[in-house]
Amino acid sequence: MDVDVSELQKNKIEEQYSVLTSNVTSVVEKAELKRKIKDSVINNKPLNVKLGLDPSAPDIHLGHLVVLKKLKQFQQFGHKIHLVIGDFTGMIGDPTGKSESRVQLSKEEVEKNARTYVEQFGRILDMRNVEVHYNSSWLEKLNIKNLIDLLSTTTVARMLERNDFTKRFNNQTPIYLHEFLYPLFQGYDSVALHSDVELGGNDQQYNLLVGRRLQDHFDQSKQVVMTMPLLVGLDGKMKMSKSKHNYIGITEKPDIIFGKIMSIPDIQMLEYYKSISTFSDKEIDVIEKKMNSNLINPKDVKVMLAKDIIKQLYNQKSADSAEQEFNNVFIKGQVPNQIPNFAWNGDSEVSISTLFTTTSLLPSKGAAMRMLKNGGLRINSKKLKEGDSKVTVSDGMIIQVGKRKFLRIKY
């Protein structure tokens, strides 16, 4: 029998549903989410919202901020956030998007990578209302009978529905049996936590749906699966990834974050606003209309975005300082306040190409000569000319490539 819902409760339900379903790729199923929100509001009982993390790398980037922003919205409505560190599944390795079997991490490597997550996620979430779990605490307890029961819930054909497995099968690239266990174990995490909602990138939908199937198998209420868009990286083409070197790390210094955001293609700005900024949909609509009507400079739009993101990760003062530093370096041509040092152990007189490649500011002598020809190399703010060949290295000299790369030479 339906429970009477007050007007105030109706408004709360509609507000939550509207906010939580904004800027998501898919919701499976929307009706179930609304019912869960309704039950939560009526019974004053928070939903269990799960995010699984495979600690294959110790640092996170702005791509992760997409799902963190959504988790924060759930948290602001009073729901309970559960972060699952896949210390057990991480030793298998998520095969999603992989053309071959991933190298299995040792337990020590997984634990080392996992230790940084809480601090980094604490930049966005209120960790006082977050429960952190390691899935080894329940997966290591599974016996052979449990494992057989788990394997009996799916078929090889269903596993091969995954595009990555299908491609490898068709290409006769080996698929190892332990890889089939990954989505089952990740799905079992949802069973262990009785999760109501699970979030993930849209490339994780298969794994998340396994959790629904397993909860149904274990006679639990099925979790709602919400997938988030993947943030495109600085190259404007591929999803943000450390392996693709197109990322912005959330622990990078504010001035570095500011400079990187200012370099994103104009066409990607609105995606960043919608996915990781704190601007409302109405505010973003106004910005979009002004951009389309040429009533606002794209540079100013990026500045607002950069400051908003830095404020989320640090504070307003850091955002203002990063803007000032950017203006000094990129607009006024000044030297940054903070420049990394490079310990020079080479000869006191070297070729320009040797200087810039030895310090790793440029990858090759050919690249150094091209930058020299284009006027992109400086020493102590003085532009080098194409005819220059050798330079005397001195303690404290500042070498520069383009507008963003600086090093101070130290003997």
Side-chain angles (χ1 to χ4, degrees), residues 1-53 64 66-86 121 124-133 135 138 153 183-229 274-275 280-281:
M1 184 171 68
D2 290 338
V3 177
D4 290 335
V5 182
S6 69
E7 197 64 32
L8 178 60
Q9 289 174 325
K10 285 182 181 178
N11 291 336
K12 286 183 177 180
I13 294 166
E14 291 301 326
E15 180 190 9
Q16 286 197 35
Y17 182 79
S18 175
V19 171
L20 297 175
T21 55
S22 64
N23 195 44
V24 298
T25 304
S26 66
V27 180
V28 182
E29 298 279 343
K30 288 186 175 182
E32 292 179 24
L33 177 62
K34 199 159 194 176
R35 177 184 58 77
K36 286 178 181 287
I37 293 173
K38 178 181 177 181
D39 291 344
S40 171
V41 170
I42 292 173
N43 299 313
N44 194 29
K45 182 180 179 182
L47 298 176
N48 289 326
V49 184
K50 170 196 168 191
L51 174 68
L53 300 165
H64 296 92
V66 181
V67 72
L68 285 177
K69 177 184 173 184
K70 187 60 62 179
L71 285 175
K72 186 172 184 178
Q73 290 173 347
F74 272 101
Q75 194 173 60
Q76 289 171 333
F77 285 123
H79 301 298
K80 191 72 176 180
I81 307 302
H82 295 266
L83 297 181
V84 181
I85 306 293
F121 276 51
I124 303 298
L125 301 175
D126 179 0
M127 297 305 291
R128 294 170 298 181
N129 192 34
V130 173
E131 289 190 13
V132 179
H133 310 269
N135 63 9
W138 52 76
T153 61
L184 291 173
F185 284 156
Q186 181 175 311
Y188 190 80
D189 293 346
S190 297
V191 175
L193 292 174
H194 291 263
S195 68
D196 296 301
V197 180
E198 182 169 12
L199 306 184
N202 60 26
D203 60 342
Q204 287 288 323
Q205 186 168 33
Y206 182 95
N207 290 343
L208 307 187
L209 290 176
V210 171
R212 276 176 61 87
R213 294 206 305 268
L214 288 180
Q215 284 178 313
D216 190 42
H217 174 77
F218 286 97
D219 296 321
Q220 291 184 13
S221 173
K222 292 187 290 187
Q223 67 183 12
V224 170
V225 167
M226 299 180 68
T227 59
M228 312 300 299
K274 293 174 183 177
S275 298
S280 68
D281 291 341

Subject >> Lys274 side chain reached by Pro229 side chain, heavy atoms, under 4.5 Å >> reply: no

Original post:
Donor-acceptor pair, Ser18 side chain versus Glu15 backbone, under 3.5 Å?
Top reply: no

Original post:
Is the closest side-chain heavy-atom distance between Phe185 and Asn135 below 4.5 Å?
Top reply: no

**OP:** List the steps and the verdict of side chain to side chain contact (heavy atoms under 4.5 Å, CB included) for Leu20 and Ile37.
**Re:** CA-CA 10 Å; Leu20 297 175; Ile37 293 173; 4.1 Å; yes

**OP:** Given salt bridge (charged side-chain N to carboxylate O under 4.0 Å, His left out), test Lys34 with Glu14 step by step and report yes or no.
**Re:** CA-CA 8 Å; Lys34 199 159 194 176; Glu14 291 301 326; 3.0 Å; yes

Subject >> Partners passing side chain to side chain donor-acceptor pair (under 3.5 Å) against Arg212 (at least two apart in sequence or in another chain) >> reply: Glu32

Original post:
Atom NZ in Lys36, atom NZ in Lys222: separation rounded to 0.5 Å?
Top reply: 10.0 Å

Original post:
For atom CG of Asn44, is the number of surrounding heavy atoms from other residues, nucleotides or ligands below 6.0 Å larger than 12?
Top reply: no

Original post:
Among His194, His82, Lys80, which residue meets the side chain to side chain donor-acceptor pair (under 3.5 Å) test with Asn48?
Top reply: His82

Original post:
How many angstroms lie between OG in Ser26 and CG in Leu209, if you round to the nearest 0.5 Å?
Top reply: 8.0 Å

**OP:** Return yes if some donor-acceptor pair links the side-chain N/O of Gln9 with the main-chain N/O of Ser6 below 3.5 Å, else return no.
**Re:** yes

Subject >> Salt bridge flag under 4.0 Å for residues Lys50 and Glu131 >> reply: no

Original post:
Can you check side-chain hydrogen bond (donor to acceptor under 3.5 Å, both in side chains) on Gln73 and Lys70, steps first, answer last?
Top reply: CA-CA 5 Å; Gln73 290 173 347; Lys70 187 60 62 179; 2.9 Å; yes

Original post:
Considering only heavy atoms from C-beta outward, does the side chain of Leu47 approach that of Val224 to under 4.5 Å?
Top reply: no

**OP:** Determine the minimum heavy-atom distance between Thr21 and Leu33, stating which atoms define it.
**Re:** CG2-CD2, 3.6 Å

Original post:
Within a strict 4.5 Å, meaning less than it, do heavy atoms of the Tyr17 and Val27 side chains meet?
Top reply: no

**OP:** Scan side-chain atoms only and decide if Gln223 and Ser195 contain a donor-acceptor pair under the 3.5 Å cut-off.
**Re:** yes

Original post:
Should the ring pair Phe218 and Tyr188 be called parallel, tilted or perpendicular, given that the plane angle runs from 0 to 90° and is split at 30 and 60?
Top reply: perpendicular

**OP:** Take Gln16 and His79 through the test side chain to side chain contact (heavy atoms under 4.5 Å, CB included) and record every step on the way to the result.
**Re:** CA-CA 11 Å; Gln16 286 197 35; His79 301 298; 2.8 Å; yes

Original post:
What closest approach, in Å, do Asn23 and Ser275 show between heavy atoms, and which atom pair accounts for it?
Top reply: ND2-CA, 3.3 Å

Original post:
Hey, does Gln186 have a side-chain heavy atom less than 4.5 Å from the side chain of Glu198?
Top reply: yes

**OP:** Please test Thr153 against Arg213 for side chain to side chain contact (heavy atoms under 4.5 Å, CB included), starting from the C-alpha separation and ending with a verdict.
**Re:** CA-CA 8 Å; Thr153 61; Arg213 294 206 305 268; over 6 Å; no

Original post:
Arg35 and Ser221: which non-hydrogen atoms are nearest, and at how many Å?
Top reply: NH2-OG, 4.2 Å

**OP:** Check side chain to side chain contact (heavy atoms under 4.5 Å, CB included) between Asn202 and all other residues, then give those that pass, not counting sequence neighbours.
**Re:** Thr25, Thr227, Leu230

Original post:
Can you check whether Leu83 reaches Met127 side chain to side chain, under 4.5 Å on heavy atoms?
Top reply: yes

Original post:
When you look at NZ of Lys69, are more than 12 heavy atoms from neighbouring residues, nucleotides or ligands closer to it than 6.0 Å?
Top reply: yes

Original post:
Taking only residues two or more places apart in sequence or in another chain, which ones pass ring pair (Phe, Tyr, Trp, His ring centres under 6.0 Å) with Tyr206?
Top reply: none

Original post:
Where do Val191 and Gln215 come nearest, in terms of heavy atoms and distance?
Top reply: CG2-N, 3.9 Å

**OP:** Working to the nearest 0.5 Å, report the span between CG of Asp39 and CD1 of Ile13.
**Re:** 8.5 Å

Original post:
Is there side-chain contact between Val28 and Gln205, with heavy atoms separated by less than 4.5 Å?
Top reply: yes

Original post:
Roughly how far apart are Leu193 CG and His133 NE2, rounded to 0.5 Å?
Top reply: 4.5 Å

Original post:
So, do Leu51 and Phe121 sit near enough that their side-chain heavy atoms are less than 4.5 Å apart?
Top reply: yes

